[in-house]
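The block underneath contains the structure these notes are about, expressed in C-alpha coordinates.
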Amino acid sequence: MSGAIIRRHSGWVRVTHWLSAAAFLLLLVSGIAILLALPNLYWGETGALGAPALIELPLPVNLEQTGWGRNLHFLAAWVLVIAGGVYLLIGMISGHIRHDLVPAPDQVQPAHLAQEISDHLRLRPARGDEARRYNALQKLSYLVVVLLLFPVMVLSGLTMSPGFTTAFPELFTLFGGRHSARTIHFLAGCLLTLFLIVHVAQVFIGGAWNLTRSMITGRYVLPPERGR
Amino acid sequence: MTGISRRQWLAGGGALATSAALGGCDAPALRDLANPYGLSNALTFATQRWLLRHQPLVREFGPEAISTVFPTINTTDPKDEAYQRSKTAGFADWRLPVSGLVARPAAFSLAELRAMPARTQITLHSCEQGWSAIAGWTGAPLSHLLATVGLQPDARYIVIRSVDGWWDSYDLFDALHPQTILAYGMNGADLPVAHGAPVRLRVERQLGYKSLKYLTSIEAVARVDGIGKGRGSMVAELGFAWYAGI
(Lines give C-alpha, C1' and ligand atoms only; values in the text may rest on other atoms or scores of the structure.)
Protein backbone atom coordinates (compact mmCIF):
# COMPACT_ATOMS: atom_id res chain seq x y z
CA MET A 1 0.00 0.00 0.00
CA SER A 2 2.80 2.42 0.84
CA GLY A 3 4.18 4.37 -2.12
CA ALA A 4 7.67 4.94 -3.40
CA ILE A 5 10.10 6.96 -1.29
CA ILE A 6 11.51 9.97 -3.12
CA ARG A 7 14.00 12.68 -2.18
CA ARG A 8 12.00 15.81 -1.89
CA HIS A 9 13.99 18.72 -0.43
CA SER A 10 17.70 19.46 -0.73
CA GLY A 11 19.67 19.87 2.47
CA TRP A 12 20.06 23.60 2.05
CA VAL A 13 16.30 24.03 1.53
CA ARG A 14 15.60 22.07 4.71
CA VAL A 15 18.13 23.99 6.81
CA THR A 16 17.08 27.44 5.56
CA HIS A 17 13.40 26.45 5.89
CA TRP A 18 13.67 25.61 9.58
CA LEU A 19 15.97 28.52 10.40
CA SER A 20 13.53 30.91 8.69
CA ALA A 21 10.56 29.27 10.39
CA ALA A 22 12.15 29.61 13.84
CA ALA A 23 13.23 33.18 13.11
CA PHE A 24 9.76 34.05 11.84
CA LEU A 25 8.07 32.81 15.00
CA LEU A 26 10.48 34.82 17.17
CA LEU A 27 9.99 37.87 14.95
CA LEU A 28 6.24 37.52 15.29
CA VAL A 29 6.29 37.33 19.08
CA SER A 30 8.84 40.13 19.50
CA GLY A 31 7.13 42.19 16.81
CA ILE A 32 3.89 42.10 18.81
CA ALA A 33 5.86 43.13 21.91
CA ILE A 34 7.24 46.16 20.04
CA LEU A 35 3.87 46.98 18.47
CA LEU A 36 2.14 47.13 21.86
CA ALA A 37 4.14 50.26 22.78
CA LEU A 38 2.17 52.06 20.05
CA PRO A 39 -0.64 49.91 18.66
CA ASN A 40 -1.61 52.58 16.11
CA LEU A 41 -0.58 52.70 12.47
CA TYR A 42 0.10 55.88 10.53
CA TRP A 43 0.87 56.96 6.99
CA GLY A 44 3.76 59.20 5.96
CA GLU A 45 6.95 60.21 7.74
CA THR A 46 5.66 60.61 11.27
CA GLY A 47 3.20 59.13 13.72
CA ALA A 48 2.56 59.47 17.43
CA LEU A 49 -0.25 59.34 19.97
CA GLY A 50 -2.28 62.48 19.38
CA ALA A 51 -1.53 62.57 15.67
CA PRO A 52 -4.19 61.29 13.24
CA ALA A 53 -3.83 57.52 12.85
CA LEU A 54 -4.61 55.40 9.80
CA ILE A 55 -5.57 52.33 11.88
CA GLU A 56 -6.09 52.09 15.63
CA LEU A 57 -5.63 48.46 16.59
CA PRO A 58 -7.81 47.19 19.44
CA LEU A 59 -4.77 46.17 21.51
CA PRO A 60 -3.69 47.18 25.01
CA VAL A 61 -0.81 49.67 25.25
CA ASN A 62 2.24 48.18 26.96
CA LEU A 63 5.43 50.23 27.12
CA GLU A 64 7.45 47.70 29.10
CA GLN A 65 8.16 45.01 26.49
CA THR A 66 10.32 46.85 23.96
CA GLY A 67 13.73 46.16 25.56
CA TRP A 68 13.75 42.36 25.16
CA GLY A 69 11.37 42.78 22.21
CA ARG A 70 13.87 44.75 20.16
CA ASN A 71 16.85 42.58 21.18
CA LEU A 72 14.99 39.42 20.15
CA HIS A 73 13.54 41.02 17.01
CA PHE A 74 16.94 42.04 15.67
CA LEU A 75 18.62 38.76 16.62
CA ALA A 76 15.89 36.83 14.78
CA ALA A 77 16.01 39.32 11.91
CA TRP A 78 19.71 38.57 11.39
CA VAL A 79 18.96 34.82 11.33
CA LEU A 80 16.15 35.38 8.84
CA VAL A 81 18.16 37.71 6.61
CA ILE A 82 21.12 35.32 6.50
CA ALA A 83 19.01 32.16 6.01
CA GLY A 84 16.73 33.93 3.51
CA GLY A 85 19.68 35.40 1.64
CA VAL A 86 21.36 31.99 1.38
CA TYR A 87 18.05 30.47 0.21
CA LEU A 88 17.53 33.10 -2.49
CA LEU A 89 21.13 32.92 -3.66
CA ILE A 90 21.28 29.12 -3.93
CA GLY A 91 17.68 29.07 -5.15
CA MET A 92 18.53 31.32 -8.06
CA ILE A 93 21.87 29.68 -8.92
CA SER A 94 20.70 26.07 -8.60
CA GLY A 95 17.51 26.66 -10.57
CA HIS A 96 15.37 25.58 -7.57
CA ILE A 97 13.18 28.65 -7.84
CA ARG A 98 12.81 28.35 -11.62
CA HIS A 99 12.21 24.59 -11.68
CA ASP A 100 10.40 23.91 -8.42
CA LEU A 101 8.51 27.14 -7.69
CA VAL A 102 7.59 28.64 -11.05
CA PRO A 103 4.48 26.78 -12.23
CA ALA A 104 5.04 24.46 -15.20
CA PRO A 105 3.21 25.39 -18.43
CA ASP A 106 0.68 22.57 -18.02
CA GLN A 107 -0.13 23.77 -14.48
CA VAL A 108 -1.33 27.18 -15.60
CA GLN A 109 -3.88 25.85 -18.10
CA PRO A 110 -7.35 27.04 -17.00
CA ALA A 111 -8.67 23.48 -16.79
CA HIS A 112 -5.77 22.41 -14.57
CA LEU A 113 -6.13 25.44 -12.32
CA ALA A 114 -9.87 24.86 -12.02
CA GLN A 115 -9.17 21.25 -11.01
CA GLU A 116 -6.64 22.44 -8.39
CA ILE A 117 -9.06 24.93 -6.92
CA SER A 118 -11.71 22.26 -6.75
CA ASP A 119 -9.27 19.82 -5.08
CA HIS A 120 -8.25 22.49 -2.58
CA LEU A 121 -11.85 23.26 -1.71
CA ARG A 122 -12.51 19.57 -1.11
CA LEU A 123 -9.23 19.31 0.87
CA ARG A 124 -7.95 16.59 -1.50
CA PRO A 125 -4.13 16.61 -1.61
CA ALA A 126 -2.29 15.50 -4.74
CA ARG A 127 -1.32 11.85 -5.08
CA GLY A 128 0.86 9.79 -7.36
CA ASP A 129 2.90 11.63 -9.97
CA GLU A 130 1.19 14.95 -9.24
CA ALA A 131 2.62 14.76 -5.70
CA ARG A 132 6.16 14.73 -7.10
CA ARG A 133 5.89 18.46 -7.63
CA TYR A 134 4.16 21.32 -5.84
CA ASN A 135 0.76 22.28 -7.19
CA ALA A 136 0.36 25.61 -8.95
CA LEU A 137 -1.45 27.38 -6.10
CA GLN A 138 1.23 26.19 -3.70
CA LYS A 139 3.99 27.36 -6.04
CA LEU A 140 2.40 30.77 -6.46
CA SER A 141 1.97 31.24 -2.71
CA TYR A 142 5.62 30.24 -2.11
CA LEU A 143 6.76 32.69 -4.79
CA VAL A 144 4.73 35.51 -3.23
CA VAL A 145 6.21 34.72 0.21
CA VAL A 146 9.81 34.29 -0.95
CA LEU A 147 10.08 36.98 -3.61
CA LEU A 148 7.60 39.58 -2.37
CA LEU A 149 6.52 39.39 1.28
CA PHE A 150 9.86 38.56 2.92
CA PRO A 151 11.78 41.17 0.87
CA VAL A 152 9.09 43.74 1.71
CA MET A 153 9.35 42.78 5.40
CA VAL A 154 13.12 43.23 5.45
CA LEU A 155 13.14 46.48 3.49
CA SER A 156 10.24 48.06 5.38
CA GLY A 157 11.91 46.98 8.64
CA LEU A 158 15.17 48.62 7.59
CA THR A 159 13.23 51.79 6.71
CA MET A 160 12.53 52.14 10.44
CA SER A 161 16.26 52.08 11.23
CA PRO A 162 17.70 55.57 11.70
CA GLY A 163 21.21 54.26 11.03
CA PHE A 164 20.43 52.25 7.91
CA THR A 165 18.30 54.99 6.34
CA THR A 166 21.12 57.49 6.80
CA ALA A 167 23.10 55.29 4.39
CA PHE A 168 20.08 54.53 2.16
CA PRO A 169 17.55 57.39 2.36
CA GLU A 170 16.01 56.01 -0.86
CA LEU A 171 14.09 53.59 1.37
CA PHE A 172 11.97 56.50 2.64
CA THR A 173 11.06 57.30 -0.95
CA LEU A 174 10.30 53.64 -1.69
CA PHE A 175 7.82 53.29 1.18
CA GLY A 176 6.64 56.89 1.50
CA GLY A 177 8.13 57.57 4.93
CA ARG A 178 9.06 55.83 8.16
CA HIS A 179 5.51 55.34 9.36
CA SER A 180 4.19 54.17 6.00
CA ALA A 181 6.96 51.58 6.15
CA ARG A 182 5.87 50.63 9.68
CA THR A 183 2.27 50.17 8.50
CA ILE A 184 3.40 48.11 5.48
CA HIS A 185 5.65 46.06 7.79
CA PHE A 186 2.61 45.29 9.94
CA LEU A 187 0.34 44.41 7.00
CA ALA A 188 2.97 42.22 5.32
CA GLY A 189 3.52 40.53 8.70
CA CYS A 190 -0.22 39.80 8.88
CA LEU A 191 -0.12 38.25 5.39
CA LEU A 192 2.89 36.11 6.36
CA THR A 193 1.07 34.98 9.50
CA LEU A 194 -1.95 34.08 7.37
CA PHE A 195 0.39 32.14 5.07
CA LEU A 196 1.85 30.33 8.10
CA ILE A 197 -1.61 29.29 9.30
CA VAL A 198 -2.66 28.01 5.86
CA HIS A 199 0.74 26.37 5.33
CA VAL A 200 0.53 24.43 8.60
CA ALA A 201 -3.10 23.52 7.92
CA GLN A 202 -2.06 22.16 4.50
CA VAL A 203 0.64 20.07 6.16
CA PHE A 204 -2.04 18.40 8.26
CA ILE A 205 -4.32 17.94 5.25
CA GLY A 206 -1.49 16.49 3.14
CA GLY A 207 -0.16 14.17 5.84
CA ALA A 208 1.59 15.82 8.76
CA TRP A 209 4.04 13.00 9.51
CA ASN A 210 5.13 12.39 5.91
CA LEU A 211 5.41 16.08 5.00
CA THR A 212 7.20 17.12 8.19
CA ARG A 213 9.61 14.21 7.92
CA SER A 214 10.34 15.14 4.31
CA MET A 215 11.30 18.66 5.41
CA ILE A 216 13.61 17.19 8.09
CA THR A 217 15.18 14.16 6.36
CA GLY A 218 14.33 14.90 2.72
CA ARG A 219 12.59 11.51 2.34
CA TYR A 220 9.00 11.68 1.19
CA VAL A 221 6.64 8.77 0.70
CA LEU A 222 4.79 9.35 -2.53
CA PRO A 223 1.08 8.86 -1.82
CA PRO A 224 -0.20 6.22 -4.27
CA GLU A 225 -2.82 7.10 -6.88
CA ARG A 226 -6.36 6.65 -5.73
CA GLY A 227 -7.98 3.39 -6.73
CA ARG A 228 -10.50 3.78 -9.55
CA MET B 1 44.92 50.20 -6.88
CA THR B 2 48.26 48.38 -7.03
CA GLY B 3 49.04 45.31 -4.97
CA ILE B 4 51.45 47.15 -2.74
CA SER B 5 49.24 50.10 -1.99
CA ARG B 6 46.36 47.76 -1.36
CA ARG B 7 48.46 45.76 1.07
CA GLN B 8 49.55 48.96 2.77
CA TRP B 9 45.95 50.09 2.95
CA LEU B 10 44.95 46.80 4.50
CA ALA B 11 47.77 46.86 7.01
CA GLY B 12 47.67 50.50 7.95
CA GLY B 13 44.77 52.59 6.81
CA GLY B 14 42.29 49.75 6.95
CA ALA B 15 43.14 48.81 10.50
CA LEU B 16 43.10 52.45 11.53
CA ALA B 17 39.78 53.13 9.83
CA THR B 18 38.27 49.97 11.30
CA SER B 19 39.38 50.72 14.82
CA ALA B 20 38.21 54.32 14.49
CA ALA B 21 34.82 53.18 13.22
CA LEU B 22 34.30 50.37 15.69
CA GLY B 23 36.14 51.93 18.61
CA GLY B 24 38.21 48.85 19.32
CA CYS B 25 37.12 45.65 21.01
CA ASP B 26 36.34 47.34 24.31
CA ALA B 27 33.56 49.29 22.57
CA PRO B 28 30.26 48.83 24.44
CA ALA B 29 28.68 47.41 21.27
CA LEU B 30 31.36 44.72 20.96
CA ARG B 31 31.85 43.73 24.59
CA ASP B 32 29.25 40.96 24.91
CA LEU B 33 29.75 38.68 21.92
CA ALA B 34 29.11 35.49 23.89
CA ASN B 35 25.50 36.52 24.39
CA PRO B 36 23.22 36.08 21.31
CA TYR B 37 21.69 39.55 21.75
CA GLY B 38 25.13 41.07 22.22
CA LEU B 39 26.32 39.29 19.09
CA SER B 40 23.43 40.47 16.92
CA ASN B 41 23.70 44.03 18.24
CA ALA B 42 27.43 43.92 17.47
CA LEU B 43 26.68 42.70 13.95
CA THR B 44 24.25 45.58 13.46
CA PHE B 45 26.76 48.05 14.88
CA ALA B 46 29.62 46.83 12.68
CA THR B 47 27.43 46.73 9.57
CA GLN B 48 26.06 50.22 10.09
CA ARG B 49 29.47 51.65 10.93
CA TRP B 50 30.69 50.28 7.61
CA LEU B 51 27.66 51.61 5.72
CA LEU B 52 28.13 55.01 7.37
CA ARG B 53 31.92 55.06 7.01
CA HIS B 54 31.79 58.21 4.88
CA GLN B 55 29.74 59.96 7.59
CA PRO B 56 26.67 60.90 5.54
CA LEU B 57 24.16 63.32 7.04
CA VAL B 58 20.63 62.25 7.96
CA ARG B 59 17.81 63.73 5.90
CA GLU B 60 16.85 67.27 6.78
CA PHE B 61 13.40 68.67 6.10
CA GLY B 62 11.97 72.09 5.36
CA PRO B 63 10.04 73.98 8.06
CA GLU B 64 6.71 72.85 6.55
CA ALA B 65 7.49 69.28 7.69
CA ILE B 66 7.67 70.15 11.41
CA SER B 67 5.21 67.99 13.37
CA THR B 68 2.40 69.54 15.38
CA VAL B 69 2.56 66.57 17.76
CA PHE B 70 5.96 65.84 19.34
CA PRO B 71 5.49 63.67 22.45
CA THR B 72 7.52 64.27 25.58
CA ILE B 73 8.35 61.19 27.63
CA ASN B 74 10.34 60.11 30.67
CA THR B 75 11.48 63.23 32.57
CA THR B 76 9.53 66.30 31.47
CA ASP B 77 10.34 68.65 34.36
CA PRO B 78 13.25 67.51 36.57
CA LYS B 79 12.51 67.56 40.29
CA ASP B 80 16.10 68.43 41.14
CA GLU B 81 16.09 71.56 43.36
CA ALA B 82 19.10 73.20 41.76
CA TYR B 83 17.53 72.61 38.37
CA GLN B 84 14.27 74.21 39.48
CA ARG B 85 16.14 77.26 40.86
CA SER B 86 18.12 77.54 37.65
CA LYS B 87 14.94 77.25 35.60
CA THR B 88 13.36 80.10 37.57
CA ALA B 89 16.45 82.20 36.84
CA GLY B 90 16.14 81.51 33.13
CA PHE B 91 19.16 79.17 33.31
CA ALA B 92 21.43 82.22 33.71
CA ASP B 93 23.53 80.28 36.26
CA TRP B 94 23.54 77.02 34.26
CA ARG B 95 27.00 75.72 33.37
CA LEU B 96 28.13 72.76 31.29
CA PRO B 97 31.46 71.48 32.63
CA VAL B 98 33.67 69.69 30.10
CA SER B 99 36.34 67.59 31.77
CA GLY B 100 38.41 64.45 31.46
CA LEU B 101 40.92 63.91 28.68
CA VAL B 102 40.87 67.46 27.38
CA ALA B 103 43.65 70.01 27.18
CA ARG B 104 41.63 72.93 28.59
CA PRO B 105 38.79 71.84 30.93
CA ALA B 106 36.10 74.50 31.07
CA ALA B 107 32.49 75.14 32.04
CA PHE B 108 30.31 76.80 29.43
CA SER B 109 27.33 79.03 30.07
CA LEU B 110 24.26 79.06 27.86
CA ALA B 111 25.40 82.41 26.46
CA GLU B 112 28.78 80.95 25.58
CA LEU B 113 27.17 78.01 23.76
CA ARG B 114 24.92 80.43 21.88
CA ALA B 115 27.97 82.45 20.85
CA MET B 116 29.50 79.40 19.16
CA PRO B 117 28.82 78.67 15.47
CA ALA B 118 25.27 77.36 15.37
CA ARG B 119 23.71 74.60 13.33
CA THR B 120 19.99 74.28 12.69
CA GLN B 121 18.63 70.95 11.47
CA ILE B 122 15.06 69.80 10.91
CA THR B 123 15.13 66.06 11.42
CA LEU B 124 13.05 62.98 12.13
CA HIS B 125 13.16 61.83 15.75
CA SER B 126 12.55 58.09 16.05
CA CYS B 127 11.56 56.95 19.50
CA GLU B 128 12.24 53.50 20.88
CA GLN B 129 8.50 53.36 21.71
CA GLY B 130 7.63 53.39 18.01
CA TRP B 131 6.57 56.99 17.43
CA SER B 132 8.34 59.53 15.25
CA ALA B 133 8.07 63.29 14.90
CA ILE B 134 9.89 66.01 13.00
CA ALA B 135 11.32 69.09 14.70
CA GLY B 136 13.93 71.74 14.08
CA TRP B 137 16.90 71.85 16.44
CA THR B 138 19.42 74.67 16.83
CA GLY B 139 22.65 74.28 18.74
CA ALA B 140 26.40 74.17 18.82
CA PRO B 141 28.06 71.15 17.21
CA LEU B 142 29.60 68.93 19.90
CA SER B 143 32.68 68.72 17.65
CA HIS B 144 33.13 72.49 18.00
CA LEU B 145 32.88 72.34 21.77
CA LEU B 146 35.38 69.47 21.89
CA ALA B 147 37.75 71.35 19.59
CA THR B 148 37.48 74.35 21.91
CA VAL B 149 38.62 72.35 24.93
CA GLY B 150 41.10 70.30 22.90
CA LEU B 151 40.56 66.53 22.99
CA GLN B 152 43.64 64.61 24.07
CA PRO B 153 44.81 61.88 21.67
CA ASP B 154 43.79 59.08 24.02
CA ALA B 155 40.20 60.34 24.36
CA ARG B 156 37.90 57.85 22.60
CA TYR B 157 34.50 58.25 24.21
CA ILE B 158 32.44 61.22 25.32
CA VAL B 159 30.37 60.56 28.44
CA ILE B 160 27.36 62.84 28.84
CA ARG B 161 25.24 63.11 31.95
CA SER B 162 21.79 64.47 32.56
CA VAL B 163 20.21 66.09 35.61
CA ASP B 164 17.67 63.24 35.90
CA GLY B 165 20.37 60.60 36.37
CA TRP B 166 20.47 59.42 32.78
CA TRP B 167 23.91 59.07 31.27
CA ASP B 168 25.23 57.78 28.01
CA SER B 169 28.47 57.52 26.09
CA TYR B 170 29.32 58.17 22.47
CA ASP B 171 32.38 57.17 20.53
CA LEU B 172 34.10 59.84 18.48
CA PHE B 173 32.49 58.50 15.28
CA ASP B 174 29.17 59.84 16.55
CA ALA B 175 30.41 62.61 18.83
CA LEU B 176 32.26 64.37 16.01
CA HIS B 177 29.49 63.93 13.39
CA PRO B 178 28.37 67.35 12.09
CA GLN B 179 24.74 66.74 13.10
CA THR B 180 25.62 65.84 16.69
CA ILE B 181 24.74 69.12 18.37
CA LEU B 182 24.10 70.57 21.81
CA ALA B 183 20.65 71.96 21.08
CA TYR B 184 19.36 75.00 22.97
CA GLY B 185 16.64 75.85 20.44
CA MET B 186 13.64 73.93 19.09
CA ASN B 187 11.47 75.02 16.18
CA GLY B 188 12.88 78.56 16.27
CA ALA B 189 12.30 79.14 20.01
CA ASP B 190 14.21 78.33 23.18
CA LEU B 191 14.29 74.60 23.96
CA PRO B 192 11.20 73.93 26.10
CA VAL B 193 11.64 72.41 29.57
CA ALA B 194 9.70 69.28 28.55
CA HIS B 195 12.17 68.72 25.72
CA GLY B 196 15.27 69.06 27.89
CA ALA B 197 15.98 72.76 28.58
CA PRO B 198 18.33 74.43 28.67
CA VAL B 199 20.40 72.10 26.48
CA ARG B 200 19.85 68.62 25.10
CA LEU B 201 21.93 66.45 22.85
CA ARG B 202 20.92 65.49 19.31
CA VAL B 203 22.39 62.26 17.94
CA GLU B 204 20.42 61.95 14.75
CA ARG B 205 21.50 58.54 13.45
CA GLN B 206 20.22 56.63 16.46
CA LEU B 207 16.96 56.20 18.37
CA GLY B 208 15.74 59.09 20.48
CA TYR B 209 17.02 57.71 23.76
CA LYS B 210 20.58 58.55 22.70
CA SER B 211 19.59 62.24 22.46
CA LEU B 212 19.86 62.98 26.19
CA LYS B 213 17.91 65.86 27.71
CA TYR B 214 18.85 68.25 30.57
CA LEU B 215 22.62 68.03 30.09
CA THR B 216 24.77 68.58 33.16
CA SER B 217 28.28 67.49 32.18
CA ILE B 218 30.53 66.25 29.43
CA GLU B 219 33.59 64.12 30.03
CA ALA B 220 36.14 62.75 27.57
CA VAL B 221 37.45 59.31 28.50
CA ALA B 222 39.59 56.53 27.05
CA ARG B 223 37.28 53.67 28.03
CA VAL B 224 33.78 53.32 29.37
CA ASP B 225 33.95 49.82 30.82
CA GLY B 226 34.70 51.22 34.28
CA ILE B 227 31.64 53.47 34.39
CA GLY B 228 28.47 52.23 36.05
CA LYS B 229 28.03 48.55 35.23
CA GLY B 230 30.42 48.96 32.33
CA ARG B 231 27.80 48.75 29.61
CA GLY B 232 28.31 52.25 28.25
CA SER B 233 24.99 53.82 29.17
CA MET B 234 22.22 53.88 31.73
CA VAL B 235 19.68 52.38 29.33
CA ALA B 236 22.09 49.54 28.48
CA GLU B 237 21.85 48.58 32.17
CA LEU B 238 18.07 48.30 31.63
CA GLY B 239 18.40 45.98 28.63
CA PHE B 240 18.41 48.48 25.76
CA ALA B 241 21.21 48.45 23.23
CA TRP B 242 24.07 50.93 23.71
CA TYR B 243 24.20 51.38 19.95
CA ALA B 244 20.72 52.39 18.86
CA GLY B 245 21.13 52.76 15.10
CA ILE B 246 18.91 49.61 15.05
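A note on names: the letters A, B, ... follow the listed sequences, proteins ahead of strands, and every chain is numbered from 1.
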Gap separating the [atom1] atom of [X] from the [atom2] atom of [Y], nearest 0.5 angstrom:
X        : Y        : atom1 : atom2 : result
B:Gln129 : A:Leu49  : CD    : CG    : 8.5 Å
B:Arg59  : A:Thr165 : CZ    : OG1   : 7.0 Å
B:Trp131 : A:Asn40  : CH2   : CG    : 14.5 Å
B:Arg205 : A:Ser161 : CZ    : OG    : 11.5 Å

Answer with side chain, backbone, both or neither: which region of [X] has an atom nearer than 4.5 Å to a non-hydrogen atom of chain A?
X        : answer
B:Thr68  : neither
B:Leu57  : backbone
B:Phe61  : side chain
B:Ser67  : side chain
B:Ala244 : backbone
B:Glu128 : both
B:Pro56  : both

Flag side-chain contact, heavy atom, 4.5 Å: B:Leu51 against A:Phe168
yes
Heavy-atom side-chain contact between B:Ile246 and A:Phe74 under 4.5 Å:
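B:Ile246 vs A:Phe74: side chains touch.
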Top contributor to chain A interface from B:Leu43, B:Leu39, B:Leu52 [non-hydrogen pairs under 4.5 Å]:
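Option with the top pair count is B:Leu43.
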Expected contact set for residues 132-145 of chain B against chain A at heavy-atom separation under 4.5 Å reads B:Ser132, B:Ala133, B:Ile134
In short, A:Glu45 meets B:Leu124 closest at the heavy-atom pair O-CD1, 3.7 Å
Of all heavy-atom pairs linking A:Trp68 and B:Tyr37, the shortest is O-OH, 4.3 Å
Positions in residues 178-189 of chain A that reach chain B, provided some heavy atom is under 4.5 Å away:
A:Arg178, A:His179, A:Arg182
Over 12 non-hydrogen atoms of neighbours within 6.0 angstrom of CD in A:Glu170
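Yes, CD of A:Glu170 has more than 12 neighbouring heavy atoms, counting only those of other groups under 6.0 Å.
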Return the option, out of A:Pro162, A:Gly163, A:Ala37, with the maximum number of heavy-atom pairs under 4.5 Å with chain B.
A:Pro162
I'd like to check the side chain to side chain donor-acceptor pair (under 3.5 Å) partners of A:Arg132; sequence neighbours left out, ordered by chain and number.
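For A:Arg132 the side chain to side chain donor-acceptor pair (under 3.5 Å) partners, ignoring immediate neighbours, are A:Asp129.
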Please list, one pair per line, the donor and acceptor atoms closer than 3.5 Å that link side chains of residues 77-99 of chain A to other protein atoms, with sequence neighbours excluded.
unit_1  : atom_1 : unit_2   : atom_2 : d
A:Trp78 : NE1    : B:Ser40  : O      : 3.4
A:Trp78 : NE1    : B:Thr44  : OG1    : 2.8
A:Tyr87 : OH     : A:His96  : NE2    : 2.9
A:Ser94 : OG     : A:Ile90  : O      : 2.7
A:Ser94 : OG     : A:His96  : N      : 3.2
A:His96 : ND1    : A:Asp100 : OD2    : 2.8
A:His99 : ND1    : A:Gly95  : O      : 3.1

Contact origin within A:Leu75 toward chain B - heavy atom pairs under 4.5 Å
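Its backbone and side chain both get close to chain B.
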